[in-house]
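Before any comments, here is the structure.
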Amino acid sequence: MAPAISSAPATDPAPALAWSVLPAKRTHTCGDLRAGGAGERAILQGWVHRRRDHGGLIFIDLRDRYGLTQLVFNPAISAEAHALASTLRSEYVISIEGTVNLRPAGTENPHLPTGEIEVAVQRAVLLNPSKTPPFYVNEDVPVEESLRLKYRYLDLRRQRLRDNIMLRHRAVKFMRDFLDARGFVEVETPILTRSTPEGARDFLVPSRLHPAEFYALPQAPQQFKQLLMVAGMDRYFQIARCFRDEDQRADRQPEFTQLDLEMAFVDEADVTGVIEDLHSELVKRLSHKRLLVQPFPRISYAEAMERYGTDRPDLRFGLELVDVTHLLGTSGFGVFRSAAERGGMIKGIKAPGCANWSRREIDQVTQLARSFGAKGLATAAWTEEGIRSPFRQHVGDEVMARLQQAFDARTGDLIALVADKPAVANEVLHRLRDHLGVQLGLADPNALAFCWVVDFPLLEWDEDRSSWTFTHNPFCAPKDTDLVLLDTDPGRALSKQYDLICNGYEVGGGSVRIHTRPLQEKIFRLMGHSDEQIAAQFGTILEAFEYGAPPHGGIATGVDRLIAILASEDTIREAIAFPKNQAAADLMMGAPSPVSEDQLAELHIRTVPPK
RNA sequence: GGUCCCGUGGUGCAGCGGCCUAGCAUACGUCCCUGUCAAGGAUGAGAUCGCCGGUUCGAAUCCGGUCGGGACCGCCA
């Protein structure tokens, strides 16, 4: 490497290699300088963002993470600097020294914070040249995902990811400061821990010192944080890395980050209160988006399912679902009647102003409903010319009028009905509702609608295992009033779980925990575990409960997801500095990778290639 | 485990049986240019259309397989 350094400062001994000497410390960043600094001398270092070569004058926008500053290379000021500037290209790293000048009247750039000034360069040094980048660093244009992931260090130079990572830093800093001010203690819990059979698939780490034994990476610090409560830590939090070896989605990575916290001597309102205050403050301080409702509404699970078909409703808009089983279940339309007779429901959603949808538009929405599991979609439109509906003649005008009333449908509105098992009808209408919210422009991208969903069922029946299983986690406490149901009708027992929802995304979830051994054992037995299994897998925490465990509860929220929502990103990859792809691979580092036979031998491992 | 979408000069897109000797924008090279800021002008180089096989007189285009990326279902307390 022999970069041109023809314009190295004359007072320097003209080093042969620019990288051997950093010519001088920078005096400012590229985001600092304003009109008030005119006349000062400045030393700046950064990357060539863009070069505009006028032959005589050369303009270079110099970039660092703080901003852009325009440099002017004028041969009348320094022929050497100007000669170097003509060799500079995008992403070259340079150091310059010059005078801060007000730009000539009429040439200010109102789009740049530093647009009132420029730096007339007297001396310039090339610190490092750059190959032509594989994609535009200086523009926010689409690039194939695999390239972005392979060259993540270049992608991170771009505005979009830089902004997201800065937002993430500020958000996490805010969380730490906020919780510290409220007496929370940040405690690190182990990354190498014990495999637990419940929940997701574990990532395993072989033990060299214990042949044929393995650590697991934590899916969450759940038991540790409860043990910290037993330890009397009282208020714990952690920005915790969690690991789950499951297939990826736009909002799932094999490793992700949770704000994890736990408090002693609390009930539901104490935990949700802290988290609600934290998120309200965080949004006000760090986001331009506006909070739609405060305090956050609390909706029961049953009500959320009824009104929105989901336990994570997007409350930025209405479009509530309406159950019309009682109206149509006995009607002359076979699809409706047979669904109702088989224990299903007939439920629908109103699409305001969509009565004039074409055959094609209705087909598209029907296709969408099918992709979510519906067998079909029954529509009715109230138009200027009257009711347009495939089932009108089967149910009669009397029922159509009551249907219109049930949906409060006006002329110009369309309703779409699904007749199916409740789980299917709700799922389909939930997805349809989210789709319509966006399509009809009702979901304001600049609004944040937080809410709490509470009163979840404690248990649900697992058909595969023929036993009860938890809906949240096995440590979640039942409602005090529902304790008796555990012996009589466990499926009806509600829990002290609470989920934090924002714009239709589950941002977090937590609960008041069980803190006594007998109740915890009872729950494990309900879930079909033998006493031997319970002792082997959960012996530690059960024993801890016998040494003065205080009542406690907590929550974990998804940091990656929250940042993605605040940054209006569709995937959490955009909120993570070095994410993995859909196959859980790190395209930049090339992980995972094969390892040597020696390494495997040391770990007492022999591999079996897949067929 | 499954379904769907994408893969064309460095990048982003167009072309979807013969008008393709593969088009456009931008980036890149060379030259001109003293007030630009997505600078401008001139000019040049750069692609066996992801890969393998098949159909056809003829394939970037159709079919099968495979690799890479993405979205979703299953899965994910």
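All chains are named by letter (A, B, ...) in the order of the sequence lines, taking the proteins before the strands, and each is independently numbered beginning at 1.
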Under 4.0 Å between any heavy atoms, over every strand shown, what does [X] touch: base, sugar-phosphate, or nothing? Just pick one.
X         : answer
Thr196(A) : nothing
Asp53(A)  : base
Gly55(A)  : base
Pro104(A) : base
Arg431(A) : sugar-phosphate
Pro474(A) : base
Asn74(A)  : base
Leu112(A) : nothing
Ser146(A) : sugar-phosphate
Glu91(A)  : nothing
Glu145(A) : sugar-phosphate
Arg148(A) : nothing

In whole angstrom, what separates [X]'s [atom1] from [N]'s [atom2]?
X         : N      : atom1 : atom2 : value
Leu57(A)  : C33(B) : CG    : C1'   : 10 Å
Arg89(A)  : U30(B) : CZ    : P     : 6 Å
Asp251(A) : C72(B) : CG    : P     : 7 Å
Arg63(A)  : A38(B) : CZ    : P     : 15 Å
Lys150(A) : C67(B) : NZ    : P     : 19 Å
Asp202(A) : C75(B) : CG    : P     : 18 Å

Classify the ring geometry of His515(A) against His552(A): parallel below 30°, tilted from 30° to 60°, perpendicular beyond 60°.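 Perpendicular: the ring planes of His515(A) and His552(A) meet at over 60°.
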
So does Arg252(A) reach the base of C76(B) with its side chain, donor to acceptor, closer than 3.5 Å?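 Under the 3.5 Å cut-off, the side chain and the base do form a donor-acceptor pair.
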
With the six-membered base ring of A39(B) as reference, does the ring of His54(A) sit under 5.5 Å away with planes under 30° apart?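 According to the criterion (under 5.5 Å, under 30°), yes, His54(A) stacks.
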
Does U11(B) have Phe135(A) stacked on its base, where the ring centres are within less than 5.5 Å and the planes differ by under 30°?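 Base of U11(B): not stacked against Phe135(A).
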
For the atom pair OH (Tyr498(A)) and SG (Cys476(A)), what is the distance rounded to the nearest 0.5 Å?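 With rounding to 0.5 Å, OH (Tyr498(A)) is 8.5 Å from SG (Cys476(A)).
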
Same-atom distance ([atom1]) from [N] to [M], integer angstrom:
N      : M      : atom1 : value
G50(B) : G68(B) : C1'   : 8 Å
C52(B) : A60(B) : C1'   : 16 Å
U21(B) : U43(B) : P     : 25 Å
C16(B) : U36(B) : P     : 42 Å
G53(B) : A71(B) : P     : 32 Å
A38(B) : G1(B)  : P     : 50 Å
G54(B) : U11(B) : P     : 30 Å
U61(B) : C49(B) : C1'   : 10 Å

So if I take every side-chain heavy atom of [X] and compare against [options], which nucleotide ends up nearest?
X         : options                : result
Asp247(A) : G74(B), G12(B), C37(B) : G74(B)
Phe59(A)  : G35(B), G69(B), A39(B) : G35(B)
Arg103(A) : G70(B), G35(B), G68(B) : G35(B)
Ala76(A)  : C76(B), U34(B), G69(B) : U34(B)
Thr571(A) : C37(B), A71(B), U34(B) : A71(B)
Tyr136(A) : U36(B), G10(B), A39(B) : G10(B)
Arg52(A)  : C72(B), C37(B), C75(B) : C37(B)
Leu147(A) : U11(B), C37(B), C72(B) : U11(B)
Ala200(A) : C37(B), C72(B), C76(B) : C76(B)

Out of Ile96(A), Ile60(A), Val72(A), which residue meets the side chain to side chain contact (heavy atoms under 4.5 Å, CB included) rule with Val119(A)?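 It is Ile96(A); the other options fail the test.
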
Are any of [X]'s side-chain N or O atoms less than 4.0 Å away from OP1 or OP2 of [N]?
X         : N      : result
Arg249(A) : C73(B) : yes
Gln70(A)  : U36(B) : no
Arg573(A) : A71(B) : yes

Please confirm whether the backbone N or O of [Y] pairs with a side-chain atom of [X], one donor and one acceptor, at under 3.5 Å?
X         : Y         : value
Arg517(A) : Phe545(A) : no
Arg162(A) : Arg157(A) : yes
Asp260(A) : Gln238(A) : no
Arg152(A) : Met588(A) : no

Find which nucleotide of RNA chain B each of Thr132(A) and Glu118(A) is nearest to by heavy atoms, and output the residue with the more 5' nucleotide.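 By nearest-heavy-atom nucleotide position, the 5'-most residue is Thr132(A).
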
Please compare Val143(A) and Lys580(A) by the position of their nearest nucleotide in RNA chain B and report the one closer to 5'.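 Here Val143(A) is the residue nearer the 5' end.
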
Pair [X] + [Y]: basic N to acidic O under 4.0 Å:
X         : Y         : result
Lys496(A) : Asp267(A) : no
Arg431(A) : Asp434(A) : no
Arg158(A) : Asp155(A) : yes

For a side chain to side chain donor-acceptor pair (under 3.5 Å) check, start with the C-alpha distance between Arg513(A) and Ser511(A), then their side-chain angles and the critical distance, and finish with the verdict. CA-CA 6 Å; Arg513(A) 324 294 182 187; Ser511(A) 62; 2.8 Å; yes

Checking Thr366(A) against Asp363(A) for the side chain to side chain donor-acceptor pair (under 3.5 Å) test, could you report, in this order, the C-alpha distance in whole Å, the side-chain angles of both residues, the deciding distance, and whether it holds? CA-CA 5 Å; Thr366(A) 305; Asp363(A) 281 347; 4.9 Å; no

Contact residues, residues 365-374 of chain A to RNA chain B [heavy atom, < 4.0 Å]: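 When residues 365-374 of chain A is checked for heavy atoms under 4.0 Å from RNA chain B, there are no hits whatsoever.
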
Opposite nucleotide pairing with [N], Watson-Crick or G-U, both atom distances under 3.5 Å:
N      : value
A42(B) : U30(B)
A47(B) : none
U3(B)  : A71(B)

